[in-house]
Structures are given as structure tokens and as C-alpha cells.
Engineer: 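Got a structure for you, questions after.
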Amino acid sequence: MSEENTSSGGEFERERVPDSKLLGAGKFWGMYAGEHAAGTEFMIGPLFLAAGASLQDLILGLLFGNILAVLTWRYLVTPIAIAKRYTLYYQLERIAGGSLVKFYNLINGVLFCFLAGAMVTVSASAVGIPFGIKYAVPESTFAFGAPSFTMLVVIVGLVMAVIAAAGYETVARVANIAAPWMISVFAACGIVSLVQMDVTSFAAISEGKFWEDAIAFVQAEKGTLEFGFWKIVIFAWLCNGAMHFGMADLSIFRFARKPSAGWAPAIGMFLGHYMAWICAALLLAAQIKLSQDLTADPGALAWGALGWTGIICVVIAGWTTANPTIYRAGLAFQGILPKSSRTVMTLVAGAVATLAGAFPNLSAQLLGFVGTYGTVLGPMGAIIFVDFYFMRKFGLSDEYAARTNQQISVAVLLAWLVPVAVGLYLIFQVEIFAAYAVIPCWIASGIIYLVLSKIMQKPLPEEGANS
Amino acid sequence: MNPLVCKIVSLVSLLLTIIPCILFFTGTLGHEAVKTVALIGTVVWFISTPLWMGRDLSPADSEVEI
């Protein structure tokens with residue numbers, strides 16, 4: 001990671017956060033409240049309905065999955081974050097070596113570009129509404145949408161890239177201001193959608209016929225689909241797999257004064273990955289009832305419910321998610337080429353994101369993408385976990401790369417890439433649901449790292465003094 | 001402008017995005033009125049809130065959360 005990025009939220013990028021800079025739990029609750037009601041929710045929520053999830057499975061599955069996610073943040077991430085107080089990248093560098101972290105960053109950056117691309121699509125779908133530019137998903141993954149929509153994606157992506165290149169601070173302030181309003185708008189979209197489906201009593205809500213009718217329509221159009229309870233649980237749990245299993249949120253919780261701060265993601269999960277997802281799904285259900293259209297076009301969905309407020313929300317939601325994503329991808333690419341300009345690398349990241357965003361079918365596969373994202377990045381979290389808890393127990397050195405000035409830990413490299421390769425094979429060739437691969441890859445990585453370290457580590461001369 | 005006044009204005013504007021929907025649910029308000037009031041609330045929110053909401057960034061602001 002570049003060491004000059006003091007503007008990346010980024011004090012103490014290569015040192016422990018001092019006690020004087022620690023933050024109380026309230027700060028984290030505020031952070032997470034706004035972080036997870038975002039552009040992704042406008043895409044993901046409708047995709048559950050489009051995939052055939054039943055209302056009962058959705059309500060209960062999301063509840064259980066989000067509880068598991070919170071427990072993972074609280075008991076997996078927070079203890080290590082508080083003990084070490086390092087960023088994810090610096091912690092990884094001490095375990096895996098600086099060059100391997102650069103490679104990890106490159107992969108992370110590319111994945112961020114695809115995520116940002118989906119958000120460019122989200123925002124473009126809303127910008128296009130007043131101009132009558134429709135978002136349509138072609139059959140093929142790598143097919144462009146209508147020329148007018150593609151041009152719109154290019155314009156929106158360019159604007160986002162230029163703003164990201166200027167730094168993340170201004171957009172972060174906009175995001176902080178917008179967060180409470182966005183949460184309210186999501187809820188409003190859900191309520192309006194219910195009324196649009198003539199669901200105006202709690203009895204009608206609990207009967208759930210409106211949802212069954214929408215599912216029946218989806219099944220008639222797309223054939224019998226299944227997105228059952230456990231799939232929903234796993235998805236909700238592992239949607240943020242890179243952040244909790246993958247330990248990316250070490251970078252956040254390193255500022256926590258107490259472990260109880262680790263409960264803070266609960267507010268993000270239940271506002272964003274519960275309420276917002278369900279409300280966004282209701283938007284699609286209403287669209288199906290009103291116009292027999294099951295295109296999960298975030299802009300059109302929000303416009304149908306709340307008019308200008310809805311599309312402003314979609315634009316801001318997509319933009320405030322894309323901006324830090326493109327910014328981080330730019331930093332990651334700059335880390336690979338340290339002499340390059342952050343501005344140029346951010347524009348490169350923006351260009352890649354824009355290209356990805358121009359393929360609407362790619363964005364429509366966001367459910368699978370987040371699982372792949374967790375599968376690829378999650379295993380590094382296992383390596384951090386094992387390094388923290390087990391290395392000394394097994395007579396090995398923790399942070400071995402830092403102690404030996406290694407640039408690439410072969411143990412880490414193999415422990416990361418082998419399970420990931422198997423996971424990607426299962427996802428793309430065997431076509432398992434991507435989120436199913438996250439935990440097995442995580443466990444395999446941890447075990448392989450421990451075994452390979454036992455084989456490869458040479459005892460260090462000051463072993464007794466290194467505590 | 002007095003920060004407390006700005007906070008009250010922001011709170012009211014936030015309520016303007018959600019309460020009309022509840023009135024829509026109860027059949028008291030029409031859909032077009034809901035959209036209009038929500039838009040007014042949105043505009044007022046973005047005018048009033050920057051006047052009092054802190055400018056300090058948090059450690060999470062440059063991180064990516066989905």
C-alpha cells in the first residue's frame with residue numbers, strides 16, 4: 001500500500017493506533033448505520049425476488065444470516081483488531097510479506113472495480129429515467145445494453161472516476177449526510193410498494209399473497225427457480241465475507257476502545273441487509289404487479305415508488321458506494337506501481353469500473369459476485385486468524401515475514417491461492433452458489449497455512465524474546 | 001444559523017420522507033402527494049443537514065462496505 005496516503009482515513013497506516021486515538025462504541029454504531037444502506041442494496045434486494053425466494057424464507061433467512069454476520073464481526077475480527085491495532089494491509093504485510101500484499105491488493109483492486117462497475121450501473125439506471133433511457137439486461141454476460149444506456153454509463157463512470165481521483169473526503173461527507181435520509185427513503189420505498197400492491201393492512205402483509213403472486217410471475221417468465229432458506233442465510237452471512245472473515249474491517253476496529261464496539265455492524269446489517277433489502281425487493285414486487293415487468297432496474301423501481309426522491313436516492317447510493325471503491329482500487333493499483341500517480345491509477349480504476357458497468361448482465365449477477373469476492377479475499381482472514389491464535393501454540397513464529405524480512409511468504413501464497421483456485425473452479429465450472437465456497441476456502445486456507453508454516457519455518461534466534 | 005434549529009429542521013425534513021408514506025398506507029394521502037412531500041423533505045434535508053452535521057471523517061470513510 002502506498003505510504004503517502006495520509007488522506008485514506010489513514011493515520012497510523014504502518015503502526016499501532018495509539019490509545020489517545022481510540023474511539024468509543026457510539027462512533028462505530030454511527031459509522032455502520034450509514035455504511036450498509038448503499039447502492040448495492042438497490043441491486044441485491046430485487047435479485048432475491050427475481051431468484052424465487054419466498055417471503056418467509058427471506059424474512060427468517062436474512063434474520064439468521066445477519067445475526068451470524070454480526071457474531072463473526074464481534075468474535076472473529078474485533079479481538080484481533082483490538083490486540084494488534086493494525087490496518088488489514090499492514091497486518092498482512094507482517095505475515096505475508098510486502099510483495100505478496102501488493103499482489104493481494106491487485107486482486108482486491110480488480111474486484112473493487114467490478115463492484116464499482118455495478119454501482120455505476122445502479123446510478124446510471126437512475127440518471128437515465130428523466131431522459132427515457134432504459135436499463136435492459138441482455139442475455140449474454142459480456143454484452144452491452146442499449147447504446148444510449150452504454151453512453152450514459154460512460155458519462156456517469158467518468159464523473160465518478162474524476163471525483164474519486166480528487167480524493168474520497170468530499171463524497172464521504174456527502175455519504176455521512178445522506179445516510180439517515182437514505183435509510184428513511186428505503187423504508188418509504190417499501191411502504192409505498194406495499195400500497196401499490198393493495199397491501200394496506202397487517203393481515204394482508206402477513207398473508208403474503210402479494211409476494212406469492214410476484215414469485216408466480218417470475219416462475220412463469222423464467223421457469224422454476226429456487227433460492228431457499230439456507231441459501232439466503234449463507235448469502236446474508238457471507239455477503240460481507242471479505243470484511244469479516246477476510247478481516248478487512250481490522251482497519252476500522254483497530255480504533256475501537258473496547259470489544260463491545262464489535263456489535264456495531266448489527267445496525268448496518270439490520271438497517272441495510274435486512275430492512276433495505278426487503279424494501280428493495282418489495283419495489284420489484286410492486287413493479288411486477290403494476291406493469292408485469294421483472295427487470296430489476298434500480299432507477300425505474302425507485303422512480304415508480306417515490307419519483308424524484310427515489311432516483312436521487314439511487315444516484316447518491318450508487319455514487320457514495322462507487323467512490324470509496326474506485327478510490328481504494330486506485331490505491332491498490334498505485335501500490336503495484338509506486339512511482340505512478342494516485343490520480344492516474346484512480347482514473348484507471350474508474351475506467352475499468354466503467355467498462356464493467358457497461359455490461360448490465362454483469363451487474364445483475366451481483367448476488368454471485370459478492371460470494372466470489374468473499375471466496376477470493378476471505379482466506380487471507382483465515383491466515384491472520386491462525387497467525388494470531390495458533391502459531392505460538394504450535395511452536396511457530398507469528399508475523400514471520402516481518403521477523404525475517406521476507407517479501408513473499410510461500411506458505412501464505414499457497415495457503416491463499418490453492419483453496420481459492422478450488423473455490424473458483426467450484427463456482428465457475430461446477431456452478432455452485434458462490435457464497436457456499438467462502439467458509440470451506442477459509443478453513444482450508446487456515447489449515448494449509450499452519451501445516452506449511454510447520455514445514456517451512458526456520459526457528460528464529462531470538463524466539464524466546466519475541467512476545 | 002442556530003445548530004439546534006438546523007437539527008430540528010433536518011428532523012422535520014426526514015419525517016417528511018417517511019410520514020407521508022404511512023399516511024399513504026392508511027389511505028389518507030395520495031401517491032402524488034407522497035412524492036411531492038418526500039421531495040420537499042429531501043431538498044430541505046440536504047440544505048439544513050450540512051449546517052450542523054460534523055465535518056470530521058471517520059476511520060471507516062475510505063473503507064469499502066457493501
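Every chain is numbered from 1 and lettered A, B, ... according to where its sequence line falls, protein lines coming before strand lines. Just so you know, these numbers come straight off a predicted model, no measurement behind them.
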Engineer: Name the option with the most non-hydrogen atom pairs under 4.5 Å to chain B; the candidates are Thr40(A), Ile252(A), Leu194(A).
Structural biologist: Ile252(A)

Engineer: Please identify, among Val185(A), Leu23(A), Asp249(A), the residue contributing the most non-hydrogen atom pairs under 4.5 Å to chain B.
Structural biologist: Asp249(A)

Engineer: So which heavy atom on Lys35(B) is nearest to which on Thr309(A), and how close?
Structural biologist: O-OG1, 4.2 Å

Engineer: Report which part of Ile44(A) has an atom under 4.5 Å of a heavy atom belonging to chain B: side chain, backbone, both, or neither.
Structural biologist: neither

Engineer: Is Ile316(A) in contact with chain B via its backbone, its side chain, both, or neither, using a 4.5 Å heavy-atom distance?
Structural biologist: side chain

Engineer: Measuring heavy-atom distances to chain B, does Ile205(A) have an atom under 4.5 Å in its side chain, in its backbone, in both, or in neither?
Structural biologist: side chain

Engineer: Please identify, among Ile22(B), Thr17(B), Leu39(B), the residue contributing the most non-hydrogen atom pairs under 4.5 Å to chain A.
Structural biologist: Leu39(B)

Engineer: Closest heavy-atom contact between Phe25(B) and Val199(A)?
Structural biologist: CE1-O, 3.3 Å

Engineer: Select, from Ala187(A), Pro180(A), Cys239(A), the one with the greatest count of heavy-atom pairs under 4.5 Å involving chain B.
Structural biologist: Pro180(A)

Engineer: Is Tyr32(A) close to chain B through its backbone or its side chain, or both, or neither, when contacts mean heavy atoms under 4.5 Å?
Structural biologist: side chain

Engineer: For a side-chain contact (heavy atoms from CB on, under 4.5 Å) with Ser184(A), tell me which candidate from Ile19(B), Thr42(B), Ile18(B) qualifies.
Structural biologist: Ile18(B)

Engineer: In terms of heavy-atom proximity below 4.5 Å to chain B, should Thr320(A) be classed as side chain, backbone, both, or neither?
Structural biologist: neither

Engineer: Which atom names give the shortest non-hydrogen contact between Cys21(B) and Ile191(A), and what distance separates them?
Structural biologist: O-CG2, 3.4 Å

Engineer: Does Trp45(B) reach the main-chain N or O of Ile177(A) with its side chain, forming a donor-acceptor pair under 3.5 Å?
Structural biologist: yes

Engineer: Where on Ala178(A) is there a heavy atom nearer than 4.5 Å to chain B: the side chain, the backbone, both, or neither?
Structural biologist: both

